[in-house]
Amino acid sequence: MSLTVLGPLPETADRLDVVSEWRIDDLIDVVGREKEVVEAALAKLDYSRDLRAQLFVPPELTVPATFTGHRVYVCVNQKGGAGKTTTAVELAAAWVAMGYTVRVIDADPQEASLSGVWMLPRFDGIAEKDRHTLTDVLFGRQPLDEATYETSVQGLYIVPSGEELATAEYDPRAARDGSLRTAIRKSKAPVDITIIDAPPALGKLSINGLIAADQVVVPLRVGALDRKALQDLHKTIRRVQEDENPELVVAAAVMTSFDQSKYAGLVGAALRRDFPEAIIAPARRNVQVAAAADFGLPVRALQPKATTTSDYDQLARLLLPVKGAAA
Ligand SMILES: Nc1ncnc2c1ncn2[C@@H]1O[C@H](COP(=O)(O)OP(=O)(O)OP(=O)(O)O)[C@@H](O)[C@H]1O
Ligand SMILES: [Mg+2]
């Protein structure tokens with residue numbers, strides 16, 4: 001099987017405007033209020049100007065952030081289908097195209113998870129009994145590097161989840177808080193960025209991801225705003241920041257399957273309210289996303305100029321400089 005080589009990022013792809021003042025911030029106070037109040041606020045917005053896809057960057061952020069050694073991201077949201085896996089893969093692919101070596105940890109026990117159907121590990125020549133997974137790491141049976149495999153994309157590595165990963169959620173011997181963090185810290189593999197793809201639950205695996213990470217990315221599917229779920233996620237992230245990982249930063253919230261609508265405006269306002277420190281990035285809806293999984297490649301490898309690719313590409317560049325471009 002041949003290796004796909006990614007990069008460099010196209011210069012001319014369809015780019016979003018970057019704004020640091022967003023008129024939909026006027027909606028923050030009406031999120032969750034009575035229908036009439038919400039509708040009155042929405043009526044004041046200019047559809048073509050205020051509700052179009054824009055990348056919001058808080059004015060106090062320096063972008064791109066400098067890169068100083070290894071960085072760990074976690075894509076987390078307990079809602080199923082939020083766009084966590086897509087965000088993990090597309091950001092990973094963009095950073096690979098920018099020159100980084102990236103390892104994605106599949107922390108989702110579902111059979112149809114990232115390492116089960118999309119970015120398959122290449123076990124070339126490794127007997128089945130000698131293949132390792134995140135489950136082995138979380139039970140302390142293997143170091144992380146022994147469960148890290150090449151994929152079909154050069155520079156993109158994967159740690160497969162493994163069938164019995166679900167047992168780690170409730171088995172007290174596995175995944176004690178912080179064990180993923182320890183495993184990542186002990187890794188000697190020459191990896192620049194580690195991205196953890198969390199499962200759709202706020203259990204031990206997602207918490208381990210939050211404790212291990214430097215930065216959180218919250219994907220949220222536009223069209224599926226669940227305020228209670230968003231509040232629970234918000235509380236969980238803040239609790240981990242207070243108790244186990246005070247350095248943790250919410251770097252970005254991604255509005256996945258973005259379409260230009262009043263509803264998307266409300267989703268953006270809800271994210272702005274809960275994560276004022278984060279970049280809010282739309283990832284426009286594109287049919288290529290579902291197709292990419294069938295081909296076992298990131299969307300970028302199939303369509304470097306698809307809107308979704310271009311949106312992740314822009315976010316990736318805001319979060320990190322091209323490798324070697326900045327000290
Ligand atoms: N920008 C997009 N345009 C079109 N479809 C998208 C986009 N982003 C994600 N999707 C689709 O939405 C679905 C859910 O995405 P994804 O699997 O990334 O979510 P998830 O949060 O990882 O789900 P789970 O909670 O089950 O792990 C997938 O079918 C994916 O192809
Ligand atoms: Mg997923």
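In each ligand, atom 1 is the first atom listed, and ligand 1 is the first ligand listed. Throughout, residue positions are numbered sequentially from 1 according to the sequence presented.
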Exercise for the section: Measure the distance from atom 24 (P) of ligand 1 to every protein heavy atom, then report the residue, atom name and distance (to 0.1 Å) of the closest one. Expected result: Gly81 N, 3.5 Å

Practice task
Decide whether an N or O pair under 3.5 Å exists between Asp197 and ligand 1.
Solution key: no

Exercise for the section: List every atom of ligand 1 that sits less than 4.0 Å from any heavy atom of Lys79, numbering the atoms from 1 in the order shown and giving each element. Expected result: 25 (O)

Problem - Chi angles and distances behind the side-chain contact (heavy atoms from CB on, under 4.5 Å) call for Asp108, Ser161 - result: CA-CA 6 Å; Asp108 186 349; Ser161 60; 5.6 Å; no

Practice task
Using 2.8 Å as the cut-off, note every protein N, O or S atom close to the Mg ion (ligand 2).
Solution key: Thr85 OG1

Exercise for the section: Using modelled atom types only, decide if a donor and an acceptor are shared between the side chain of Asp214 and the backbone of Val72 within a distance under 3.5 Å. Expected result: yes

Exercise for the section: State whether Lys44 and Asp50 are salt-bridged, where the test is any N-O pair (Lys NZ or Arg NE/NH1/NH2 against Asp/Glu carboxylate O) under 4.0 Å. Expected result: no

Handout entry: Polar contact flag for Ala82 and ligand 1 (N/O pairs, less than 3.5 Å)
Key = yes

Handout entry: Flag: protein heavy atom within less than 4.0 Å of atom 26 (O) of ligand 1
Key = yes

Fill in the blank from the handout: Nearest heavy-atom contact between Ala278 and Pro58 is O-CG, 3.3 Å

Exercise for the section: Would you check whether Gln288 reaches within less than 4.0 Å of ligand 1, judged by its heavy atoms? Expected result: no

Handout entry: Aromatic plane relationship, Phe67 with Tyr100 - under 30° parallel, 30 to 60° tilted, over 60° perpendicular
Key = perpendicular

Exercise for the section: Around atom 10 (N) of ligand 1, find the nearest protein heavy atom and jot down its residue, atom name and distance. Expected result: Val289 CG1, 3.7 Å

Exercise for the section: Using atom types as modelled and distance alone, determine if a side-chain donor or acceptor of Tyr149 lies under 3.5 Å from a backbone N or O of His132. Expected result: yes

Practice task
Look at atom 5 (N) of ligand 1 and say which protein heavy atom is nearest, naming residue and atom and giving the distance to 0.1 Å.
Solution key: Ser257 OG, 3.6 Å

Practice task
Specify side chain, backbone, both or neither for Thr308, according to which of its non-hydrogen atoms lie closer than 4.0 Å to ligand 1.
Solution key: side chain

Handout entry: Ring centroid separation Trp95 to Tyr73 under 6.0 Å
Key = yes

Problem - N or O contact, Asp108 vs ligand 1, cut-off under 3.5 Å - result: yes

Practice task
Among all protein heavy atoms, pick out the one at the shortest distance from atom 29 (O) of ligand 1; state its residue, atom name and that distance to 0.1 Å.
Solution key: Ala290 CB, 4.9 Å

Practice task
Inspect the contact between Lys323 and Asp192 and indicate whether a charged nitrogen and a carboxylate oxygen are less than 4.0 angstrom apart.
Solution key: yes

Exercise for the section: Report yes if some N/O of Gly83 lies less than 3.5 Å from some N/O of ligand 1; otherwise report no. Expected result: yes

Handout entry: Closest approach of Thr194 to Ile105 (non-hydrogen atoms, all atoms of both residues)
Key = CG2-CD1, 3.6 Å

Practice task
If you have a sec, work out which protein heavy atom is nearest atom 3 (N) of ligand 1 and how many Å separate them, to one decimal?
Solution key: Asn286 N, 2.9 Å

Fill in the blank from the handout: among protein heavy atoms, the one nearest atom 9 (C) of ligand 1 is Thr86 OG1, 3.5 Å

Problem - Any donor-acceptor pair under 3.5 Å from Thr309 side chain to Gln303 backbone - result: yes

Problem - Under-4.0 Å salt bridge between Asp313 and Arg15 - result: yes

Exercise for the section: If you have a sec, work out which protein heavy atom is nearest atom 1 (N) of ligand 1 and how many Å separate them, to one decimal? Expected result: Arg284 O, 3.1 Å

Exercise for the section: May I ask you to decide if Leu220's main-chain N or O and Lys79's side chain share a donor-acceptor pair within less than 3.5 Å? Expected result: no

Handout entry: Protein residue, atom and distance nearest to atom 11 (C) of ligand 1, heavy-atom basis
Key = Arg221 NH1, 4.1 Å

Exercise for the section: In plain terms, say whether Glu90 and Arg284 are close enough for a salt bridge, that is, a side-chain N and a carboxylate O under 4.0 Å apart. Expected result: no

